Q: 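To start, I am sharing the structure in question, which I have written as structure tokens.
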Amino acid sequence: MAEALYSATSTAWGGREGRARSSDGRIDVALSMPAGLGGDDGPGTNPEQLFATGYAACFHSALKSAARAEKVDVSDSAVSVTISLVGGPESGLDLAARIEAQIGGVDPETAGRLLQLAHERCPYSRAMRGNISQEVLLVGAESD
């Protein structure tokens, strides 16, 4: 295994209806089961929200990196990631990712190229490639 540039550790107790905390204490969250999964939809977060948040931040960093390399200003940009549980009890549950990027002030062709480069660079995208369904979309006024 390659030498780690950075590592993060979190521990969960109680599964989807418990608590999770990072080893450095920067993350310390209650977990609640969403109503769509048969839970009480309590005030806590859930694994899908946490994964979507990390993926969105990572993908946006990859987009900014690709834009720097191409000398394109993406300061008016945002990335949203939706993580869905798909499947069912008989087939098993899987994840699906929908990545939506808004890139203001950049023509759709350039924005599309940057998204492709970001998808190739993002560690989350690389880890998930071939393992889960991934959809990358340019959204917003610039893509109309």
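Source: prediction; values computed, not measured.
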Q: If you measure from CG on D24 to OG on S10, what distance do you get to the nearest 0.5 Å?
A: 8.0 Å
Q: Any chance you could measure S75, atom OG, to K64, atom NZ, to the nearest 0.5 Å?
A: 9.5 Å
Q: What are the two closest heavy atoms between D41 and P34, and how far apart are they?
A: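 Smallest heavy-atom distance, with atoms named: OD1-CA, 3.7 Å.
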Q: Would you say T45 and L31 make side-chain contact, with heavy atoms under 4.5 Å?
A: yes
Q: Taking CZ in R126 as the centre, count heavy atoms belonging to other residues, nucleotides or ligands within less than 6.0 Å. Is the count above 12?
A: no
Q: Which pair of heavy atoms, one from R129 and one from H119, lies closest together, and at what distance?
A: NH2-O, 2.5 Å
Q: Give the minimum heavy-atom separation between G87 and L93, together with the two atoms involved.
A: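 What the structure gives for the nearest pair is C-CD2, 4.1 Å.
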Q: Does E135 CD have over 12 foreign heavy atoms under 6.0 Å away?
A: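 It does: E135 CD has more than 12 such atoms within range.
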Q: Quick check for you: to the nearest 0.5 Å, what is the distance between H60 atom NE2 and S65 atom OG?
A: 12.0 Å
Q: Nearest 0.5 Å, what's the CG-CZ distance between L63 and R68?
A: 10.0 Å
Q: Show the numbers, then the answer: is there a salt bridge (Lys or Arg N to Asp or Glu O under 4.0 Å) between R16 and E48?
A: CA-CA 10 Å; R16 288 182 169 273; E48 293 73 34; 2.5 Å; yes
Q: Quick check on the hydrophobic clustering: are V79 and F51 connected, directly or via other members, by side-chain heavy-atom contacts under 4.5 Å?
A: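 Linked within one cluster.
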Q: At what distance, to the nearest 0.5 angstrom, does CD1 of I27 lie from OG1 of T11?
A: 11.5 Å
Q: Distance from S80 atom OG to Q102 atom CD, nearest 0.5 Å?
A: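 So the gap between those two atoms works out to 6.5 Å.
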Q: Evaluate the side-chain proximity of L37 to N46: yes if any heavy-atom separation is below 4.5 Å, no if none is.
A: no
Q: Keeping the roles fixed (side chain from T53, backbone from Q49), state whether a donor-acceptor pair exists under 3.5 Å.
A: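 Checking the backbone N and O of Q49 against the side chain of T53, a donor-acceptor pair under 3.5 Å is found.
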Q: Would you please test I103 and V72 for side chain to side chain contact (heavy atoms under 4.5 Å, CB included) and show each step?
A: CA-CA 11 Å; I103 307 174; V72 177; over 6 Å; no
Q: So, for I132 and A97, which heavy atoms are closest and what is the spacing to 0.1 Å?
A: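 Closest heavy-atom pair between I132 and A97: CD1-CB, 4.0 Å.
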Q: Please name the pair of heavy atoms, one in S125 and one in Y55, separated by the smallest distance, quoted to 0.1 Å.
A: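 Minimum heavy-atom separation between S125 and Y55: OG-OH, 2.8 Å.
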Q: If hydrophobic clusters are built by linking Ile, Leu, Val, Met, Phe, Trp and Tyr wherever their side-chain heavy atoms come under 4.5 Å apart, do Y124 and L95 end up in the same one?
A: yes
Q: Quick check: do I99 and L115 have side-chain heavy atoms less than 4.5 Å from each other?
A: no
Q: Less than 4.5 Å apart, any side-chain heavy atom of E70 and any of L117?
A: yes
Q: Would you find a donor on one side and an acceptor on the other, under 3.5 Å apart, between the side chain of S22 and the backbone of R26?
A: yes
Q: Can you give me the closest heavy-atom contact between M33 and G39, atom names plus distance?
A: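 The answer is CG-CA, 3.2 Å.
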